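A short write-up of the structure that comes next.
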Amino acid sequence: MSDLLTWSPIPLGRWFGTTVKVHVSLIVFVALALLFAPFEADRRGLAAALLQATTWLGLFLLALAIHEFAHALTAWVTVCELEDDHLWPLGSLAAPVDPPRGLNYLLAVMAGPFASGVTALLTAAALGIFWDAEFAWNPLGRHADPGAPWLQAATKAAPMTSAWIVGWFGFINYWLLLANLLPAPPFDGGRMLRWYVANASNGPTPRDGVAASWTARVVGAILFVVGVLRLVFWHRADGLGFVAVAVVIELMAFSEPQSREEVGYFDDGLLGYDFSEGYTSLENNPAKVRPYRESALKRWRRRRADVRRQRRMMRELAEERRLDQILDKLYHQGKAALTDEEHRFLVRVSVRLRNRHNAQHTRN
């Protein structure tokens, strides 16, 4: 199940040290928006409908980029390592694992909603100053064009006008802010909740993970009910969106035990073994015997988990080689010879190792 949640076929490189990829759900969302655009051609014509859909998608992708750029930039400034960024229509699909306890992690997580909220407020102010228009503050408006601003508090701004473009851009940022305040993964509110739980208990515990997981499930259940009510009683198509988000939250909660197991696989060292005492530690880790009859689904999930573990092992090996090279350079040439990127790498690795040590000390 976690493979579907992390299936991001389009890489966008690293943004200030954070790996960013495009999740398949974002690709499907963009494709559906363009596919359904011709259905509006009866009233405005095919060319006008496609132009409006393309413009709206451009505003949407720009708002999403601002949200995630704020995450990556704050993490870079505060020397914090965030999870890989899998872009989906409401931000990033972050795996539900225990976060670091440092304040820099909380700042990096809060930066996304903060940027979206500030952008929405700035557009609301611009609408009032330059167009004498009112921002569409109702996120569940029943009007056909819910994000378009109100002109003289009576009519909606016409599509493709400057007021319409600015209003919709602010409305999309407003929605990103509200969605990411939900206390459930994959939203930023869920990551903030896990950070608070980890700090309140002086470290993550299994009981805290259960509490956060059930909080997410309650949020998902509420969204599911709201979506069904909007579909059945108000005949609003956006009810499908609420139901889809509820399903994603439930899938994240369902895949959490597997994600924790895969992360813990590397806690004690490379491949989960402690080589500090030689190879004798392998004697204390006998191979687990798998069931003789294993279903096809379990075999597929096990193989995918093995692939992910191997990839993570290769990344850790590459970082170890990189660390050895930088330390050798530091020893022979001094600190002044290090580049800014090498210095940030050393700080980032040291912070990660310190967080891992603190987590292990808390569990022990």
Side-chain angles (χ1 to χ4, degrees), residues 6 8-23 61-62 64-87 91-95 97-116 118 188 191 195 198 262-263 265-271 274-276 307-361:
T6 58
S8 303
I10 302 179
L12 297 181
R14 292 181 65 85
W15 296 9
F16 294 98
T18 301
T19 301
V20 180
K21 302 177 183 178
V22 176
H23 191 260
L61 294 176
L62 178 59
L64 190 61
I66 291 174
H67 184 96
E68 299 305 324
F69 182 83
H71 282 309
L73 179 60
T74 307
W76 179 74
V77 171
T78 59
V79 194
C80 172
E81 185 177 10
L82 289 178
E83 305 89 346
D84 288 351
D85 200 338
H86 301 270
L87 292 176
S92 172
L93 282 169
V97 297
D98 293 323
R101 291 191 293 163
L103 183 61
N104 55 350
Y105 180 86
L106 178 63
L107 293 176
V109 172
M110 293 177 60
F114 178 79
S116 299
V118 169
D188 296 328
R191 293 196 281 179
W195 180 91
E262 293 172 4
V263 172
Y265 188 76
F266 295 89
D267 281 347
D268 298 327
L270 189 62
L271 291 179
D274 181 9
F275 291 100
S276 60
V307 170
R308 287 193 298 271
R309 290 167 179 170
Q310 184 178 7
R311 289 176 179 173
R312 183 167 178 174
M313 179 189 68
M314 297 303 296
R315 286 198 300 268
E316 288 198 352
L317 286 175
E319 286 191 351
E320 287 182 5
R321 289 194 295 267
R322 173 74 167 155
L323 180 61
D324 290 339
Q325 294 173 356
I326 296 177
L327 292 178
D328 183 71
K329 181 178 180 179
L330 179 64
Y331 176 78
H332 289 93
Q333 303 180 30
K335 184 178 180 180
L338 298 182
T339 64
D340 292 340
E341 187 276 334
E342 291 172 337
H343 177 72
R344 289 195 300 271
F345 177 85
L346 286 178
V347 175
R348 186 171 69 250
V349 171
S350 64
V351 170
R352 183 196 309 168
L353 293 177
R354 184 167 60 251
N355 288 331
R356 178 179 298 179
H357 173 75
N358 292 336
Q360 291 177 348
H361 178 73

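This structure is a prediction, so every number in the text was calculated from the model and none was measured. Scope of the values below: all heavy atoms of this structure, side chains included, with no hydrogens, waters or symmetry mates.
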| Taking atom OG1 of T74 and atom CG of L107, what is their separation to the nearest 0.5 Å? | 7.5 Å
| Partners of T19 by side-chain hydrogen bond (donor to acceptor under 3.5 Å, both in side chains), sequence neighbours excluded? | R14
| query | To the nearest 0.5 Å, how far apart are NE2 in H67 and CG in L87? | reply | 9.5 Å
| message | Check the orientation of F69 and F16. Use parallel for under 30°, tilted for 30 to 60°, and perpendicular for over 60°. | response | perpendicular
| field | Those residues that, when tested against F114, pass ring pair (Phe, Tyr, Trp, His ring centres under 6.0 Å) (two or more places apart) | value | none
| remark: Nearest heavy-atom approach of A115 to A70 is CB-CB, 3.6 Å
| said: For the CH2 atom of W195 and the CG atom of L103, what is their distance to the nearest 0.5 Å? | reply: 6.0 Å
What donor-acceptor contacts under 3.5 angstrom involve side-chain atoms of residues 330-338, with partners at least two apart or in another chain?
| from | atom 1 | to | atom 2 | distance (Å) |
| --- | --- | --- | --- | --- |
| H332 | ND1 | D328 | O | 2.9 |
| H332 | ND1 | D328 | OD1 | 3.2 |

| request: Rounded to the nearest 0.5 Å, what's the gap from CG on L61 to CD1 on I66? Could you check? | output: 11.5 Å
| task | Would you please test H71 and L82 for side chain to side chain contact (heavy atoms under 4.5 Å, CB included) and show each step? | result | CA-CA 8 Å; H71 282 309; L82 289 178; 4.1 Å; yes
| message | Can you list everything that forms a ring pair (Phe, Tyr, Trp, His ring centres under 6.0 Å) with W15? Sequence neighbours excluded, please. | response | none
| Approximate separation, where rounding is to 0.5 Å, of L12 CG and K21 NZ | 10.5 Å
| request: Taking all heavy atoms of S92 and all of E68, pick out the closest pair and write down the distance. | output: N-OE2, 3.5 Å
| message | Check this for me: does any side-chain nitrogen of one of D324 and R321 sit under 4.0 Å from a carboxylate oxygen of the other? | response | no
| field | Partners meeting salt bridge (Lys or Arg N to Asp or Glu O under 4.0 Å) with R322 (sequence neighbours left out) | value | E341
